[in-house]
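Convention: sequence-line order gives letters A, B, ...; per-chain numbering from 1. Values below: all heavy atoms of this structure, side chains included; hydrogens, waters and symmetry mates excluded. In this text the structure is predicted, and so the values were computed from the model without any measurement.
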Amino acid sequence: MIDLDTIKLSNAQIAWRAAQDIEDGAYVNLGIGFPEMVARFQPEGREAIFHTENGVLDFGKAPEKGDEDWDCINAGKKAITIKPGTAFFHHADSFAMVRGGHLDVAILGAYQIAQNGDLANWSTGKGGVPAVGGAMDLVHGAKRVAVLTDHVTKKGDPKLVAACTMPLTGVGCVTRIYTSLALIDVVDGHFVLREKIPAISFDDLQALTGAPLHTDGEVIDLICPEELA
Amino acid sequence: MIDLDTIKLSNAQIAWRAAQDIEDGAYVNLGIGFPEMVARFQPEGREAIFHTENGVLDFGKAPEKGDEDWDCINAGKKAITIKPGTAFFHHADSFAMVRGGHLDVAILGAYQIAQNGDLANWSTGKGGVPAVGGAMDLVHGAKRVAVLTDHVTKKGDPKLVAACTMPLTGVGCVTRIYTSLALIDVVDGHFVLREKIPAISFDDLQALTGAPLHTDGEVIDLICPEELA
Amino acid sequence: MDKTLPSLAEAVAGIPDGATIMIGGFGGSGAPIELIHALIDQGAKDLTVINNNAGNGHVGIAALIEQKRVRKMICSFPRSADPRVFTEAYLAGEIELEIVPQGTLAERIRAGGAGIPAFYTPTSYGTDVANGKAIGTFEGREYVQERWLKADYALIKAEEADPHGNLTYRMAARNFNPVMATAATVTIAQASKIVELGAIDPEHVITPGIFVNHIIEVPNPAQEEVLNREGAVYP
Amino acid sequence: MDKTLPSLAEAVAGIPDGATIMIGGFGGSGAPIELIHALIDQGAKDLTVINNNAGNGHVGIAALIEQKRVRKMICSFPRSADPRVFTEAYLAGEIELEIVPQGTLAERIRAGGAGIPAFYTPTSYGTDVANGKAIGTFEGREYVQERWLKADYALIKAEEADPHGNLTYRMAARNFNPVMATAATVTIAQASKIVELGAIDPEHVITPGIFVNHIIEVPNPAQEEVLNREGAVYP
């Protein structure tokens, strides 16, 4: 059996790959946690404008420790900064941007993604305190909804599945999945493999995926910067 | 037959009477035209805050001729001025104030008012160009909807009627009617006469009114300042 | 990223015949006269125009109607004083009219921009304007179901714009402009002044740039009211 | 007209047991800590609290919950890092929870303030959160019907206030505060500074005074985040 830990992409590499798809001038919302990392890898010469649900557009980097202004935070409640071009607005206006289709891309984390684009990322369904936040709005608002995720769970179970077993965040909403092993699109109810890391074979990747992987033309080698490994 | 023209209140007197009912601190919208006159007669010591649908709260008096700034107008497209406390906002926010019940009083003109509080004031139903403006929003938004009107039409027909024959602006919305002869409330589907000018008898007033006038306690003499006649 | 275009003509160049266009303003206040006149010069016809009114005098929307470019008006208050360009076209059966109460018009446009396909309002319940619309009862009271309103283009008038399209408005010229900016596929804003990025305080931005596609500087823009008092005619 | 009250205690004095209270803020940003602590001192219990979150640490809403004053939370994201005041109360069955997606929460509150009893949103369609809600189909797509949300009181945090209750907000501390101000029977705003009438530029007013009943000056207000990093506990 292959040792995934030695071959899989790091979170930084997955985020880097997602960043390569963000066009110049795109309005982008990055989910709390791992997806926030995408902002670090915006290709030079391309300017993305980041939106955060709590009412800030076009914000700057995190401040130095000790320089935080706790009135200036992102949806993850981390301190951010303003920069030329920043705008503040209230929550209803913020979600008008989201729901109204004004974001070009939303990039979220996932527990499970089904081959029809269903996403489960808010509740494991196992009790505890449910907490949905803005994810259910984001998945139906942005023009393109992408997911960043490990290809499998910590226990090794597929996260890309035939049908989600966990409570859904949204129906048929995900269009692209950046995993630790591959780049997969959701097309007409199927997973379509676009890119995979060279260290894994198609068959091994299929074995780690809970629904059939289709191809549509060449599968490209997914190569990410070594220094992010 | 009585000569109404010699006894009836002037528009200024009707507006004056309406102004006496506006409490200190009330938020008030005055309809285009005749109702705008109410602002002139705000009793001393009571401060009303005026709202105009096109996005201004707490505006000042009309500017001197020649001093108009045509970016600063009211719903009647007349020039207004700002004063300490003025706020500007967009149209959706403005009608959130209206529809959301934040106005204390709206005072409108009328073609017909029915004894159940139905109001017709936007279309005579006779063709021409229909134009509704903000009246349909105002009648369902303000906590209190009052009407200023001549008691009868130019032809002498009642404007206070059993049921409106003209297209409705709103259903059961009017609570108080200031006419050129009387002050009448709408209570439980009836016209209740509160005040009338001394120069007209109850019977003559009833004859000019298209539905029964009820009383509930004393009918007070409606006395307005002579200098406004 | 710089959303600035060099000319009004370029800004409106892509608007096709048959387009639905929201035009900001309430009467003349906030009306993007220069953009409307550029649209007249451009020649697009068979337009559906959404505005609170239907023009005044012989400039702006009235001129667009006079040039027979407008198939349909969606508005709350199309009546105007003399000259009565819309009125005559309407009575001659040359232009369609959809009357929408003013607050419902503003809310339908906001809904279009906010991804809300339908909502319920007390406005117009029991009137002819509600004919044919679904009625809902909530907490014992009846409401009329209204649908969102969107457009292919919005032509709006701002006071300041920065290169990312962040906008401010002057006084009551704000009116429908910010909501229309949110509800069109392509929003084109004329601004009295284009300022450098960062010159607008982030707390004073009224329309964030995400809603704006193109900006054009039009210093000292015309006021419809002033033009009409001067008897101006366009073109 | 002057809406200024002399003390936090007077501002919250009238809040009865069982009241529904909107509390502004997103996490600690924009949270009216001093008003919440005055409410704790006042003693009202059996409250329904509407906020994006359910408190952090042992101050603000977390302290209100810890003092067992809250019967029910309506929020989008009640999870918090240690200490987990809400989590423990919830798992112990001591507090009710209504989970609302964040954008739906904001829109329901806006609808409450804007006189819109119900609206349709794509958000939550096909999920457990939509269970039992009416579904509407518009232009071939399904949407969930959501109802307005109103409150007896809103406790909000502003930056500047004038005597008529016109408000501004500081940076992202704006968040839910302006919409909550519109949706409560009584809106009480604490402001870092009360300025004279006319000191706020009419174009910079974010919450017009019509939405505000009482203002109280609270200079140098506490930041929940800072309090929690210091390990603060209230009372």
Side-chain angles (χ1 to χ4, degrees), chain C residues 29-30 101-104 106-125 133-150 158-160 167-175 177-179 182 192 200-208, chain D residues 29-30 101-104 106-125 133-150 158-160 167-175 177-179 182 192 200-208:
Chain C
S29 167
Q102 196 172 138
T104 299
E107 191 66 14
R108 288 179 63 194
I109 296 167
R110 183 197 174 269
I116 304 290
F119 60 90
Y120 289 91
T121 172
T123 302
S124 92
Y125 174 72
K133 294 177 182 166
I135 303 298
T137 304
F138 302 96
E139 299 169 27
R141 185 173 170 189
E142 276 96 10
Y143 295 86
V144 179
Q145 189 192 87
E146 295 281 356
R147 302 295 176 86
W148 61 13
L149 200 52
K150 302 198 207 189
E159 178 64 6
E160 290 193 336
L167 305 179
T168 66
Y169 302 89
R170 188 165 177 275
M171 307 179 91
R174 190 179 301 187
N175 56 64
N177 285 296
V179 281
T182 71
S192 301
I200 304 176
D201 184 322
E203 293 178 6
H204 298 165
V205 172
I206 301 301
T207 293
Chain D
S29 168
Q102 197 172 136
T104 299
E107 191 65 15
R108 287 179 64 193
I109 296 168
R110 181 193 176 272
I116 304 289
F119 60 89
Y120 288 89
T121 173
T123 302
S124 92
Y125 175 70
K133 293 177 184 167
I135 302 298
T137 303
F138 302 97
E139 299 169 25
R141 186 173 169 191
E142 275 96 11
Y143 295 86
V144 179
Q145 189 192 87
E146 294 281 355
R147 302 294 176 89
W148 61 12
L149 200 51
K150 302 197 207 190
E159 179 64 6
E160 291 193 335
L167 306 179
T168 67
Y169 301 90
R170 189 166 176 275
M171 305 179 93
R174 191 178 301 187
N175 56 64
N177 285 296
V179 280
T182 71
S192 301
I200 303 176
D201 184 322
E203 294 177 6
H204 298 166
V205 171
I206 301 300
T207 293

Next item on the list: Go through the atoms of Arg174(D) and report whether side chain, backbone, both or neither lie under 4.5 Å from a heavy atom of chain C.
Entry: side chain
Next item on the list: Please report the shortest heavy-atom distance between Met171(C) and Glu203(D), naming the atom on each side.
Entry: N-OE2, 2.8 Å
Next item on the list: Supply the atom-to-atom distance Lys150(C) NZ to Glu139(D) CD, rounded to the nearest 0.5 angstrom.
Entry: 7.0 Å
Notebook entry, point to check: For the residue pair Pro122(D) and Gly115(C), what are the closest heavy atoms and their distance?
Noted result: CD-O, 3.4 Å
Checklist line | Part of Glu146(D) lying under 4.5 Å from any heavy atom of chain C | finding: neither
Check: What closest approach, in Å, do Pro117(D) and Tyr120(C) show between heavy atoms, and which atom pair accounts for it?
Finding: CD-O, 3.1 Å
Note to self: Can you classify the ring geometry of Tyr143(C) versus Trp148(D) as parallel (below 30°), tilted (30 to 60°) or perpendicular (above 60°)?
What the structure shows: perpendicular
Next item on the list: Taking all non-hydrogen atoms of both residues into account, name the closest pair between Phe119(D) and Ile116(C) and its distance.
Entry: CD1-CD1, 3.7 Å
Check: Where does Glu159(D) contact chain C at under 4.5 Å (heavy atoms): side chain, backbone, both or neither?
Finding: neither
